[in-house]
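Below is one structure; the comments refer to it alone.
The first residue in the sequence is number 1, and the count goes up from there. Counting convention: from 1, in listed order, for ligands and their atoms alike.
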Amino acid sequence: MNLREFESAARELLDPVHYDYVAGGADDEVTVRANEAAFARIALLPRVLRGAASRESGVTLFGHRASLPVVLSPTAFHRLFHKEGEVATARAAARAGVVMITGMASTVAVADVVEAARAAAPGRDPAVWFQLYLQPAPGVTEALVRRATEAGCAALVVTVDSPVLGAHTRNARNGFHDLPDGLACENLRDLLDGEPGHVRQIAMSPTLDWDDLDRLRASTSLPLLLKGVLHPDDARIALDHGVDGLLLSNHGGRQLDTVPATIDLLPEIAAAVAGRVPLLLDGGVRRGTDIVKALALGATAVGIGRPAVWGLAADGENGVTRVLDILRRELDHTLALCGATGIADLTPALVRNATASAGPR
Ligand SMILES: Cc1cc2nc3c(=O)[nH]c(=O)nc-3n(C[C@H](O)[C@H](O)[C@H](O)COP(=O)(O)O)c2cc1C
Ligand SMILES: O=C(O)C(=O)c1ccccc1
């Protein structure tokens, strides 16, 4: 089994409109394709006879020991894909010892997501991080952060690539703009008086600036990551504003189309960050070899978006578990083939730019 088979299973099982919502991206989906294609163009150059009997793939993120350098990137609306929604995803992540970034747009309230993770892995203190969009009305951001903090989230991930929502061609064609009856954005329910948890309560705002981030920074002692910084100058500015980590992401090609593949941007972002904070990357990670390439080029860990949704759609908690198991096995296998004793051995010396001979995957 590999992750592609979960993609096929999800396509067969999901309503085509919902499958398109997951698979799709902005405009011509150039960046959606670029993320995966860029990994394929990078070649691995292994070392030999290194005597590595077993391989360490755990990573420490903000004091939490994760079993894998893989986190679940935030994806909206899990109850569209499986009846248990984010509860199933949280259980799988917690049992695997993997960090889950749960979204502002989740269909299960953040307190119930954290509770499900804790109940699934008693005594292991699973880490759930909370993703949010800064809201133009500061009281709304504060209320949301309070909910996530009281729920027990271990970090905040602020998505900054969405001053407006990307133009999703497939959703427009399919007329998909809202959740079906019975599902709601539970984190937004009753956030202000009597709000029902409509998707449209999530405000995307082009007026936000670094002052808004400073207000959030001053209001919380939780580790704060920015998701969606693509320019190295912005990476440096983010660090000047007291950010604790970066998630290098182009939103899986769902925001500005034709931005570069994240793996192609990684070297210059890693140079800008210079090891001062953890640097995560998502977009197009589908194989253990992709994880190794990202870590070799300077990522602390990677995130997966769509693959976790495919697993969830295919078989709920069990499907997400199997997706993570596959990545764990592929990572270990790749480390062995590279002659690495663990992820600590991964450096840029392990990768070469492949020629055009890198075929389709
Ligand atoms: C169905 C779906 C919903 C998403 N929802 C969010 C979201 O609410 N907030 C966010 O910051 N990113 C969201 N993302 C982007 C992911 O966090 C992540 O950046 C992207 O999926 C990574 O690329 P990959 O799908 O190739 O792994 C979403 C992605 C998908 C596919
Ligand atoms: O679909 C997305 O990529 C996304 O980021 C989003 C944003 C707001 C509501 C739901 C999903």
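When only modelled atom types and interatomic distance are considered, T321 and R91 share no side-chain donor-acceptor pair under 3.5 Å. E86 and T107 form a side-chain donor-acceptor contact under 3.5 Å, judged by distance and modelled atom types alone. Between the side chains of H241 and D214, at least one donor-acceptor pair of N or O atoms lies under 3.5 Å. In the model, D27 has no side-chain atom that pairs as donor or acceptor with a side-chain atom of T169 under 3.5 Å.
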Next item on the list: Go through the steps to decide whether M104 and I202 satisfy the test side-chain contact (heavy atoms from CB on, under 4.5 Å), and finish with yes or no.
Entry: CA-CA 8 Å; M104 174 174 179; I202 301 175; 4.1 Å; yes
List, for ligand 2, each N/O atom that has a protein N/O partner under 3.5 Å away, with both atom names and the distance.
from: ligand 2; atom 1: 1 (O); to: Y21; atom 2: OH; distance (Å): 2.7
from: ligand 2; atom 1: 1 (O); to: R254; atom 2: NH2; distance (Å): 2.9
from: ligand 2; atom 1: 3 (O); to: H251; atom 2: NE2; distance (Å): 3.1
from: ligand 2; atom 1: 3 (O); to: R254; atom 2: NE; distance (Å): 2.8
from: ligand 2; atom 1: 5 (O); to: Y133; atom 2: OH; distance (Å): 2.7
from: ligand 2; atom 1: 5 (O); to: H251; atom 2: NE2; distance (Å): 2.7

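With L281 as the fixed residue, the side chain to side chain contact (heavy atoms under 4.5 Å, CB included) test singles out one of D290, I263, N35, I269: I263.
Aromatic rings from H18 and F176 are positioned such that their centres are separated by under 6.0 Å.
Protein residues having a heavy atom under 4.0 Å from any atom of ligand 1 are Y21, V22, S73, P74, T75, A76, Q131, Y133, T159, K227, S249, H251, G252, R254, D282, G283, G284, R286, I304, G305, R306, P307, listed by chain and number.
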Please output the side-chain donor-acceptor pairs of residues 224-238 that fall under 3.5 Å, not counting sequence neighbours, one pair per line with the distance.
from: H231; atom 1: ND1; to: D233; atom 2: N; distance (Å): 3.0
from: D233; atom 1: OD1; to: R236; atom 2: NH2; distance (Å): 2.9

Contacts under 3.5 angstrom, residues 94-102 side chains, donor-acceptor by atom type, not counting sequence neighbours:
from: R95; atom 1: NE; to: A120; atom 2: O; distance (Å): 3.2
from: R95; atom 1: NH1; to: E317; atom 2: OE1; distance (Å): 3.3
from: R95; atom 1: NH1; to: E317; atom 2: OE2; distance (Å): 2.3

